[in-house]
Undergrad: 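Right, I'll just put the structure down here and ask away after.
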Amino acid sequence: MPVAQGRELAGPTVLRMLVGAQLRRLRERAGISTEAAGYEIRGSHSKISRMELGRVGFKERDVADLLTLYGVTDAARRDPLLQLAEQANAPGWWQPYSDVVSSWFEPCLGLEQGAEVIRAYEIQAVPELLQTEDYARALLRARHVDASDKEIERRVELCMLRQRILTRPSPVKFWAVLDEAVVRRLVGGALTMRLQLQHLIKMSAEPNITVQVLPFSSGGHAAEGGPVTILRFAEPELPDVVYLEQLAGALYPDRNAEVVRYRDVMNRLGVQAEPPSRTPDILRTLLDQYI
């Protein structure tokens with residue numbers, strides 16, 4: 001039974017997905033229904049579905065009982081998965097910031113930590129993984145008008161900590177397509193915007209980061225409804241995850257047809273946008289507006 005390589009970087013969310021994927025394969029191989037599996041652990045078929053999708057934590061007893069039901073009795077096969085399930089229950093690095101992390105956003109933090117590639121389309125603001133502190137602070141003040149200065153600063157800290165995935169020893173590959181409105185919208189004043197654009201130029205030169213600008217002149221496109229993020233993982237058994245952030249919540253479409261559709265949309269946006277080689281020149285031209 002394979003155990004994910006590099007799982008020390010994965011974080012609990014991705015580990016839960018790995019455990020769930022392996023439990024699903026074992027159940028299907030044994031020809032056992034979700035109803036029968038749920039009955040075995042004194043639960044329902046929906047609980048099994050949530051476990052197999054990695055959306056809940058794991059009780060050691062439940063995993064052990066399921067492995068026995070699925071005919072996995074050899075300790076050499078059981079122990080790695082039981083250990084992985086235990087690691088998946090560990091709190092994420094962001095737990096100290098739980099007071100400013102919404103329940104619908106927490107899965108995304110875990111998925112970021114374990115992703116190999118993140119693709120994003122933004123229509124309103126610079127992606128948080130590429131924001132400067134001042135830009136992030138100004139944007140957060142606009143979005144959380146009733147928040148205290150302390151809360152805003154904690155949100156800024158969280159944003160900066162998330163960016164570590166771009167500079168760690170095995171960094172995430174980040175590909176962002178920015179609507180032209182993103183780089184033209186004044187956020188935080190001229191100096192803040194100028195420094196943000198300079199930061200984008202610098203980051204776009206990193207080998208693991210690609211930034212494209214989708215110009216107004218490109219016309220209509222398939223992602224006009226809002227921002228889209230797609231996360232891909234090194235583990236072949238894990239599907240891509242689509243994350244759609246909204247004003248007061250987020251969606252995680254998980255049907256294969258939906259994931260394929262969003263992947264196709266992202267591919268088309270990459271073709272419509274200006275090539276990455278043009279990004280520094282486009283951003284330098286805009287710098288003249290913020291002197």
Side-chain angles (χ1 to χ4, degrees), residues 11 92-113 115 118-168 171-206 208-214 226-229 231 243-250 279-280 282-284 286-287 289-290:
W93 64 264
W94 57 87
Q95 288 303 311
Y97 296 88
S98 59
D99 57 315
V100 294
V101 176
S102 302
S103 59
W104 49 264
F105 183 54
E106 187 170 343
C108 183
L109 287 174
L111 294 168
E112 279 184 351
Q113 187 75 14
I118 300 176
R119 301 175 65 181
Y121 168 65
E122 287 290 343
I123 193 170
Q124 296 291 346
V126 172
E128 293 177 352
L129 292 177
L130 297 178
Q131 292 177 6
T132 64
E133 284 194 32
D134 287 342
Y135 183 97
R137 185 174 293 109
L139 199 59
L140 287 165
R141 288 192 184 282
R143 291 176 173 176
H144 302 275
V145 293
D146 296 325
S148 66
D149 289 344
K150 180 179 179 180
E151 179 182 334
I152 293 297
E153 290 309 309
R154 285 182 59 74
R155 291 182 181 276
V156 172
E157 288 175 15
L158 177 63
C159 181
M160 296 302 107
L161 287 172
R162 288 171 58 196
Q163 296 179 6
R164 295 181 300 181
I165 63 173
L166 299 176
T167 56
R168 68 191 184 192
V172 167
K173 296 176 183 178
F174 187 53
W175 176 9
V177 176
L178 312 182
D179 191 277
E180 186 175 341
V182 170
V183 293
R184 288 190 177 275
R185 177 171 287 105
L186 181 64
V187 174
L191 178 58
T192 294
M193 198 65 194
R194 183 176 180 83
L195 292 175
Q196 175 63 74
L197 293 177
Q198 290 174 336
H199 183 64
L200 282 175
I201 294 171
K202 176 184 176 182
M203 296 303 288
S204 67
E206 294 297 321
N208 61 309
I209 298 174
T210 300
V211 178
Q212 293 179 262
V213 176
L214 183 68
V228 179
T229 299
L231 303 102
Y243 172 72
L244 307 175
E245 185 166 333
Q246 301 176 331
L247 184 61
T279 299
I282 292 172
L283 297 180
R284 288 192 188 100
L286 293 172
L287 282 173
Q289 301 178 21
Y290 305 112

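The structure displayed is predicted, hence computed values, not measured ones.
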Undergrad: Between Tyr290 and Leu197 (side chain of the first, backbone of the second, donor and acceptor by atom type, cut-off under 3.5 Å), is there such a pair?
TA: no

Undergrad: Is a side-chain N or O of Arg141 found less than 3.5 angstrom from the main chain of Ala138, in a donor-acceptor match?
TA: no

Undergrad: Would you sort out whether Glu112 and Val172 count as a side chain to side chain contact (heavy atoms under 4.5 Å, CB included), showing the intermediate values?
TA: CA-CA 8 Å; Glu112 279 184 351; Val172 167; over 6 Å; no

Undergrad: Could you please spell out the steps behind the side chain to side chain contact (heavy atoms under 4.5 Å, CB included) verdict for Leu166 and Glu206?
TA: CA-CA 9 Å; Leu166 299 176; Glu206 294 297 321; over 6 Å; no

Undergrad: Enter the distance from Trp175:CH2 to Asn208:CG here, rounded to the nearest 0.5 Å.
TA: 14.5 Å

Undergrad: Which distance, rounded to the nearest 0.5 Å, do you find between the CG of Leu283 and the CG of Leu200?
TA: 6.0 Å

Undergrad: Considering non-hydrogen atoms only, spot the tightest contact between Ala125 and Val182 and give its length.
TA: C-CG1, 3.4 Å

Undergrad: Quick check: closest heavy atoms across Arg154 and Tyr97, and the distance to 0.1 Å?
TA: NH2-CA, 3.4 Å

Undergrad: Kindly indicate whether the side chain of Val228, heavy atoms from C-beta on, has any atom under 4.5 Å from the side chain of Leu244.
TA: yes

Undergrad: With a 4.5 Å limit on heavy-atom distance, are the side chains of Pro227 and Ile123 in contact?
TA: yes

Undergrad: Evaluate Asp134 against Leu191 for side chain to side chain contact (heavy atoms under 4.5 Å, CB included), listing each step before the verdict.
TA: CA-CA 9 Å; Asp134 287 342; Leu191 178 58; over 6 Å; no

Undergrad: To the nearest 0.5 angstrom, please state how far the CH2 atom of Trp94 sits from the CD atom of Gln113.
TA: 7.0 Å

Undergrad: Give me the atom names and distance for the closest heavy-atom approach of Pro280 to Ile201.
TA: O-CD1, 4.2 Å

Undergrad: Might you work through the side chain to side chain contact (heavy atoms under 4.5 Å, CB included) test for Gln95 and Glu106, ending with a clear yes or no?
TA: CA-CA 9 Å; Gln95 288 303 311; Glu106 187 170 343; 3.1 Å; yes

Undergrad: Measuring only between side-chain heavy atoms, which start at C-beta, is Arg164 closer than 4.5 Å to Trp93?
TA: yes

Undergrad: Does Arg155 reach the main-chain N or O of Val100 with its side chain, forming a donor-acceptor pair under 3.5 Å?
TA: yes

Undergrad: Is there a side-chain contact between Arg184 and Gln289 in this structure, where contact means two heavy atoms from C-beta onward sitting under 4.5 Å apart?
TA: yes

Undergrad: So, does Gln196 use its side chain to make a donor-acceptor pair with the main chain of Thr132 at under 3.5 Å?
TA: yes

Undergrad: Spell out, as yes or no, whether a donor-acceptor pair under 3.5 Å connects the side chain of Glu133 to the backbone of Val156.
TA: no

Undergrad: Please say which of Ile282, Leu178, Val183 ends up in a side-chain contact (heavy atoms from CB on, under 4.5 Å) with Val211.
TA: Leu178

Undergrad: Compare every heavy atom of Ala136 with every heavy atom of Met160, then report the nearest pair and how far apart it is.
TA: CE-CB, 4.3 Å

Undergrad: Please check if the side chain of Arg185 supplies one atom and the backbone of Gln124 the other of a donor-acceptor pair under 3.5 Å.
TA: yes

Undergrad: Would you mind reporting whether Leu139 and Arg143 have side-chain heavy atoms less than 4.5 Å apart?
TA: yes

Undergrad: Measure the shortest side-chain to side-chain distance between Tyr243 and Leu111 over non-hydrogen atoms and say whether it is less than 4.5 angstrom.
TA: no

Undergrad: Taking the side chain as every heavy atom from C-beta outward, state whether Arg137 and Glu153 have any atom pair closer than 4.5 Å.
TA: yes

Undergrad: Side chains of Val126 and Val187: closer than 4.5 Å at any heavy-atom pair?
TA: no

Undergrad: What distance do Phe174 atom CZ and Ile209 atom CD1 have between them, rounded to the nearest 0.5 Å?
TA: 8.0 Å

Undergrad: If only side-chain N and O atoms count, and only distance matters, is there a donor-acceptor pair under 3.5 Å linking Trp104 with Glu245?
TA: no

Undergrad: Starting at CG of Leu214, measure out to OH of Tyr121 and round the result to the nearest 0.5 Å.
TA: 5.5 Å

Undergrad: How many angstroms lie between CD in Gln131 and OG1 in Thr192, if you round to the nearest 0.5 Å?
TA: 11.5 Å

Undergrad: Strictly distance-based, threshold 3.5 Å: is any side-chain N or O of Ser102 a donor or acceptor partner for the main-chain N or O of Phe105?
TA: no

